[in-house]
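Below is one structure, written out as structure tokens, with a few remarks after it.
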Amino acid sequence: MSQGKFSNPRPHREEEREIEKAYRDLTRKQSHKTYEHKVTAEDMARAAQPLPTDEDVPDISIPNSVPAEEAFPTEDAFPELFASPEAAPSAEAEDRQIEETFRQVTGQPVKHKAKVGSSFDYIPEQPEFSPEGEKPAGKSGDKPQWMNEVVEFYNQNSKLVLAALCAVSVMVIVFVVLLFVRSAKDPYGEKILSNVYIGDVNVGGMTKKEAVTALGDAIGNVYATEDMVIDLSGTQLKITPKDSGASFDCSGAVEEAYAYGRTGTQNERDAAYKASKTEPHNIAILPYLNLKTDNIRKFLVDKAGNSGSTLVQTTYGLEGTEPELSADKFNKNAPTQTLVITLGKPGVGFDPDTVYNQVLDAYSQRVFLVTVKDVQELKDPDPIDLEKIYKEYYVEPVNASVDPKTGKTTPGSYGYGFDKEAAQKLLDAAQFGQEVRIPMEYIEPDIADASGFFGDTLGEYQTRATGSDNRLSNLRIACEAINGRVLNPGEGLNFRDSVGNLSTSRGFKSASEDMGLEETVGGGVSQVSSTLYCAALLSDLTISSRSNLEQLPSFVKEGFDAAINLTIKNSLSYPVRISAQLSGGYVRVSIVGTEQRDYYRMLGSEITKTIKPETEFRQYPYDNPEGIRHDDTIQEGREGYQVKSYSVRYDRTTDQKITSDYIATSNYNPVNYIYAVVETPETSAPTQPSEPSTPTAPPESSSEPSTPSSEETEATTETSETPQVDHAADQAA
């Protein structure tokens with residue numbers, strides 16, 4: 001706020017107004033005053049000082065040192081002012097009287113500006129204030145004493161006066177805020193609007209506490225004590241308070257009632273207030289019942305069944321203590337459990353969804369009886385699915401097993417089930433609602449104890465081991481690779497993967513695969529795979545993959561050789577173990593397990609086609625370093641053959657032939673004769689050698705099949721129509 005000449009209060013101005021008013025009343029003339037004041041540096045300094053605090057403001061008592069007769073004119077002091085109008089002097093005399101009166105009252109002379117008619121303007125002479133704050137010139141008695149004292153007091157205690165003014169301002173502000181808060185108080189007197197109902201209870205015009213009391217009196221604990229009864233044409237269903245979980249939230253409903261007309265926009269609140277004068281507003285009870293609606297719906301659906309009826313469906317379950325079925329803990333004398341089947345009962349039908357909605361409506365109206373009108377005809381329970389029940393409780397027996405890598409055995413476990421035929425007869429004879437009891441039974445596994453897995457030799461075969469030391473070394477490494485391998489039911493073995501790469505880094509050496517053939521690293525390993533092939537056939541294992549060698553070998557019977565890509569699989573219901581070793585000049589492979597066959601097997605084959613070898617001539621120089629002479633035999637020739645192989649089954653007790661089973665057809669390429677043609681020193685032309693002699697028949701097998709075997713095996717290589725095999729089977733036998 002800017003400072004002017006009259007920024008500091010002037011207490012004497014009010015008295016001047018009183019004098020002027022008195023004069024106007026007497027003279028009926030109006031005077032005009034003009035004041036001038038300059039802002040000094042002292043004024044600016046006082047304005048910049050901080051406001052005083054409440055502690056700095058003492059009680060202020062301004063003395064009234066001016067007598068009343070000095071402030072206001074009286075008839076005794078100024079008789080001319082109270083003279084009657086008839087004795088009024090002339091205009092000039094009147095002006096002089098005014099000037100004299102003004103001078104006596106104010107102590108200041110009149111400074112004439114201009115006269116207009118019988119009135120005049122005047123400006124009291126004011127002391128001049130210098131910018132430097134010097135005291136004005138003139139008489140000290142120009143103002144009344146009390147005014148000077150007030151001004152002096154203000155100048156000395158301006159901070160205290162301002163603090164007092166601030167305190168008064170704060171009080172005024174607090175008073176205004178209190179008025180505002182009072183005006184913002186609840187417009188409805190903290191009561192619910194008229195015509196507001198919670199359910200069927202009118203709580204309009206009540207406070208919250210009164211509404212809670214009214215609801216408590218009307219509803220009480222009916223929801224916690226009453227059963228909901230559903231009448232289905234005489235058949236009744238009951239939902240207990242425990243099942244429904246019904247409990248009324250009285251406070252929540254009252255809060256919603258109280259909020260009506262107090263929430264939303266101003267227009268919405270006004271509309272609610274206006275409507276409450278003539279129209280009821282209903283608060284639903286259902287949202288405040290805390291019902292377990294999922295329990296209610298499940299109860300109705302269970303009673304309704306699949307099609308919607310109150311029929312009782314068939315139930316079943318095991319009664320008794322569950323036995324220990326593990327073979328190492330099994331007690332055959334322990335009592336078994338009993339399967340209890342309770343047959344269902346017929347009932348009437350209804351729609352569970354429709355009844356569910358009716359039940360909720362009844363709860364909201366505090367009605368605890370629901371009558372269902374759309375009741376269907378009598379309906380029987382669903383038929384019993386005995387096969388489904390059997391699969392639910394059946395436990396399959398498990399044979400003992402062996403870890404193929406570690407050789408660790410795991411005992412088997414007994415199975416669990418019941419006689420389905422006997423159970424079906426009991427159910428057919430039972431009536432609705434009757435209880436049928438079916439005893440459970442133990443099912444013994446084929447092999448419960450792993451210690452009996454490898455007590456029988458299922459199949460065994462041996463082939464004569466010939467050749468160089470390198471070849472015998474290769475045979476030994478291949479036997480060690482498969483020796484001790486365990487095949488659990490369904491598990492297979494690939495010979496190539498088991499033996500690994502035929503490399504010198506793994507210990508294999510260069511040797512011929514068979515006599516008369518060129519040497520290769522790992523030569524001779526196919527003799528071990530062929531011996532394993534024959535043992536697997538005698539054991540009734542499945543041959544997943546097998547191919548014969550290119551030429552008919554000398555170490556095994558024709559039709560029973562196998563290249564190293566051989567794959568076998570344990571198709572039996574129990575584990576088997578492979579034993580392979582090189583000893584006594586033979587490669588022996590046996591497969592041991594648990595024998596359950598009543599027959600044994602023998603292997604046989606027949607040559608169905610012979611292929612003659614051809615003759616080849618290979619030229620050598622006269623002075624060849626090998627010392628080969630003209631007409632030397634470089635390679636003996638062999639005939640090629642087509643061979644069909646069979647497995648013949650014999651009765652284990654009578655040794656009578658049961659059947660001959662076709663295995664495979666093997667084709668062997670012939671080995672051509674190779675003769676040397678050496679140049680003579682006289683000529684460069686070679687000399688033609690003589691024709692070779694006729695080759696002999698294929699060599700006999702170096703060993704006969706030994707231990708018999710089990711199930712029939714199908715061929716996995718080339719197949720052809722099986723000819724009459726009796727002769728071949730007899731020959732194999």
Exercise for the section: Please assess Met228 against Val359 for the test side chain to side chain contact (heavy atoms under 4.5 Å, CB included), listing each intermediate value before the final yes or no. Expected result: CA-CA 8 Å; Met228 177 62 69; Val359 168; 4.0 Å; yes
Determine whether a donor-acceptor pair (N or O, by modelled atom type, separation under 3.5 Å) exists between the side chain of [X] and the backbone of [Y].
X	Y	value
Gln527	Arg464	yes
Gln337	Pro323	no
Asn570	Leu487	yes
Ser605	Glu558	yes
Ser530	Ala562	yes
Asn474	Gly524	no
Arg471	Gly523	no
Thr336	Met440	yes
Asp456	Leu458	no

With side chains defined as the heavy atoms from C-beta onward, is the minimum distance between [X] and [Y] less than 4.5 Å?
X	Y	answer
Leu291	Leu286	yes
Ile285	Tyr223	yes
Asp382	Thr314	no
Tyr442	Lys332	no
Ile543	Leu566	yes
Phe432	Asp380	yes
Val592	Ser579	no
Cys534	Leu603	yes

Nearest heavy atoms of [X] and [Y], plus distance in Å:
X	Y	result
Leu475	Ala465	CD1-CB, 3.9 Å
Gly433	Thr342	O-CG2, 4.3 Å
Gly559	Arg546	O-NH2, 3.5 Å
Pro352	Leu300	O-CD1, 3.9 Å
Gly344	Pro381	C-CG, 3.7 Å
Ala430	Val436	CB-CG2, 3.6 Å

Practice task
For side chain to side chain contact (heavy atoms under 4.5 Å, CB included), just list the numbers for Ile568 and Tyr533, CA-CA rounded to whole Å, side-chain angles, deciding distance to a tenth of an Å, and then say yes or no.
Solution key: CA-CA 8 Å; Ile568 63 176; Tyr533 172 60; 5.8 Å; no
Below 3.5 Å, can you tabulate the donor-acceptor pairs from side chains in residues 490-502 to any protein atom, sequence neighbours excluded?
residue, atom, partner, partner atom, Å
Glu491, OE1, Asn488, N, 3.0
Asn494, OD1, Arg496, N, 3.1
Asn494, OD1, Asp497, N, 2.9
Asn494, ND2, Thr567, OG1, 2.8
Ser498, OG, Arg485, NH1, 3.4
Ser498, OG, Asn494, O, 3.0

Under a 3.5 Å cutoff, is there a donor and acceptor pairing between the side chains of [X] and [Y]?
X	Y	answer
Tyr316	Lys388	yes
Asn565	Ser547	yes
Thr531	Thr463	yes

Problem - Residues Val528, Ile564; criterion side chain to side chain contact (heavy atoms under 4.5 Å, CB included); working and verdict - result: CA-CA 9 Å; Val528 180; Ile564 62 174; over 6 Å; no
Is the distance between the ring centroids of [X] and [Y] under 6.0 Å?
X	Y	result
Phe453	Tyr574	no
Phe560	Tyr461	no
Phe330	Tyr414	yes

Exercise for the section: Determine, for Asp661 against Arg601, whether the closest basic-nitrogen to carboxylate-oxygen distance falls under 4.0 angstrom. Expected result: yes
Problem - N-O pairing of Asp227 and Lys242 below 4.0 Å - result: no
Out of curiosity, [X] [atom1] to [Y] [atom2], how far, rounded to the nearest 0.5 Å?
X	Y	atom1	atom2	value
Ser244	Lys238	OG	NZ	14.0 Å
Leu339	Tyr390	CG	OH	11.5 Å
Leu360	Ile296	CG	CD1	6.0 Å
Leu427	Leu386	CG	CG	6.0 Å
Asn667	Lys644	CG	NZ	10.5 Å
Leu325	Tyr416	CG	OH	7.0 Å

Can you give each donor-acceptor pair under 3.5 Å made by side-chain atoms of residues 361-370, sequence neighbours left out, with the distance rounded to 0.1 Å?
residue, atom, partner, partner atom, Å
Ser364, OG, Asp361, O, 2.6
Arg366, NH1, Asp200, OD1, 2.9

Practice task
Carefully, step by step, assess Tyr394 and Ile443 under the rule side chain to side chain contact (heavy atoms under 4.5 Å, CB included).
Solution key: CA-CA 10 Å; Tyr394 170 73; Ile443 304 174; 3.5 Å; yes
Problem - Any pair counted as side chain to side chain donor-acceptor pair (under 3.5 Å), so long as it reaches residues 318-328, sequence neighbours left out - result: Glu319-Arg437, Ser326-Asp328
Problem - Within 6.0 Å of CD in Glu421, more than 12 heavy atoms from elsewhere - result: no
